[in-house]
Amino acid sequence: MTVKQIIPFRTFFVIPEEHSKGIGYGAWKAIEALHPETKVWETCTPYFEKRNIHFYVNKCGFHIVEFFNEYNADMNLQQQDEYDSDEGSDEMFRFLKIMNSI
């Protein structure tokens with residue numbers, strides 16, 4: 001089994017009508033179970049997405065490790081040009097989850 005050090009994921013979405021039913025948490029636990037070789041998970045979410053921040057930190061055990069903004073830019077986001085030029089659209093929190101080794 002190959003050990004994967006850091007696994008980034010960018011898209012994880014549950015439609016609003018299904019929020020607060022445990023679907024997102026159950027899906028996340030299934031993803032972790034499918035990739036037991038992963039040492040560190042990484043993701044980002046916009047600073048204003050309070051539900052996402054709560055989910056990653058309080059439910060899934062991630063830690064906020066960085067805040068991207070005009071003074072601390074995420075070069076990956078700039079290169080991908082994913083976001084429009086609206087004020088604050090490039091302000092993101094970066095999260096890591098370090099998995100316990102067995």
Side-chain angles (χ1 to χ4, degrees):
M1 181 179 298
T2 304
V3 173
K4 298 177 183 176
Q5 294 302 314
I6 298 178
I7 303 298
F9 70 96
R10 299 292 178 231
T11 305
F12 187 72
F13 181 77
V14 174
I15 60 172
E17 294 81 16
E18 301 301 323
H19 285 179
S20 299
K21 296 180 180 177
I23 294 169
Y25 182 71
W28 176 250
K29 295 311 281 182
I31 290 167
E32 285 183 351
L34 286 171
H35 300 281
E37 72 282 3
T38 301
K39 298 293 183 188
V40 180
W41 291 96
E42 176 187 45
T43 195
C44 292
T45 197
Y47 77 95
F48 55 83
E49 292 289 353
K50 292 179 183 179
R51 275 188 84 88
N52 292 359
I53 296 165
H54 168 73
F55 175 76
Y56 291 126
V57 172
N58 298 320
K59 295 287 187 178
C60 297
F62 281 78
H63 296 275
I64 297 171
V65 296
E66 198 164 13
F67 177 59
F68 298 120
N69 57 53
E70 65 181 301
Y71 305 106
N72 180 35
D74 179 352
M75 299 311 290
N76 292 322
L77 292 179
Q78 288 178 352
Q79 291 170 0
Q80 293 172 9
D81 200 33
E82 291 180 25
Y83 301 96
D84 58 28
S85 60
D86 290 342
E87 184 177 332
S89 64
D90 57 350
E91 294 181 337
M92 307 277 284
F93 284 111
R94 177 174 166 246
F95 302 87
L96 292 180
K97 180 176 183 179
I98 300 170
M99 303 303 289
N100 294 330
S101 57
I102 298 175

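Note that this is a predicted model, so its numbers are computed, not measured. For the single chain, residues carry numbers from 1 onward in sequence order.
A distance-only check finds a donor-acceptor pair linking the side chain of Asn72 to the backbone of Phe67 [under 3.5 Å]. Side-chain N or O atoms of His63 include none that pairs as donor or acceptor with a backbone N or O of Lys97 at under 3.5 Å.
Cluster partners of Phe13, by chain and number: Ile15. The rule joins Ile, Leu, Val, Met, Phe, Trp and Tyr whenever side-chain heavy atoms lie under 4.5 Å apart.
Counted within 6.0 Å of OH on Tyr25, heavy atoms from surrounding residues, nucleotides or ligands total 12 or fewer; the atom is thus considered open. For Ile98, the CD1 atom is loosely surrounded, since the number of other residues' heavy atoms within 6.0 Å does not exceed 12.
When hydrophobic clusters are built by joining Ile, Leu, Val, Met, Phe, Trp and Tyr residues whose side-chain heavy atoms come closer than 4.5 Å, directly or via intermediates, Phe55 is grouped together with Ile7. In the hydrophobic clustering of this structure, Val14 does not group with Phe9; members are Ile, Leu, Val, Met, Phe, Trp, Tyr whose side-chain heavy atoms approach within less than 4.5 Å, directly or through other members.
Using cut-offs of 30° and 60° for the angle between ring planes, the Phe95 and Tyr56 rings count as tilted. The aromatic rings of Trp28 and Phe62 sit tilted, their planes meeting at an angle between 30° and 60°.
Residue Ile53 comes nearest to Tyr47 through the heavy atom pair CD1-O, 3.5 Å, listed as atom of the first residue, atom of the second, then distance. Heavy atoms only, all atoms of each residue included: Lys39 and Gln5 are closest at CB-O, 3.4 Å.
Within the structure, the salt bridge (charged side-chain N to carboxylate O under 4.0 Å, His left out) test picks out the following pairs touching residues 41-67 (sequence neighbours left out): Glu42-Arg94, Glu66-Arg94.
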Evaluate the criterion side chain to side chain contact (heavy atoms under 4.5 Å, CB included) for residue pair Met99 and Trp41; output intermediate values, then yes/no. CA-CA 8 Å; Met99 303 303 289; Trp41 291 96; 3.5 Å; yes
For Ile31 and Phe12, run side chain to side chain contact (heavy atoms under 4.5 Å, CB included): C-alpha distance rounded to whole Å, both residues' side-chain angles, the deciding distance at 0.1 Å, then the answer. CA-CA 11 Å; Ile31 290 167; Phe12 187 72; 3.7 Å; yes
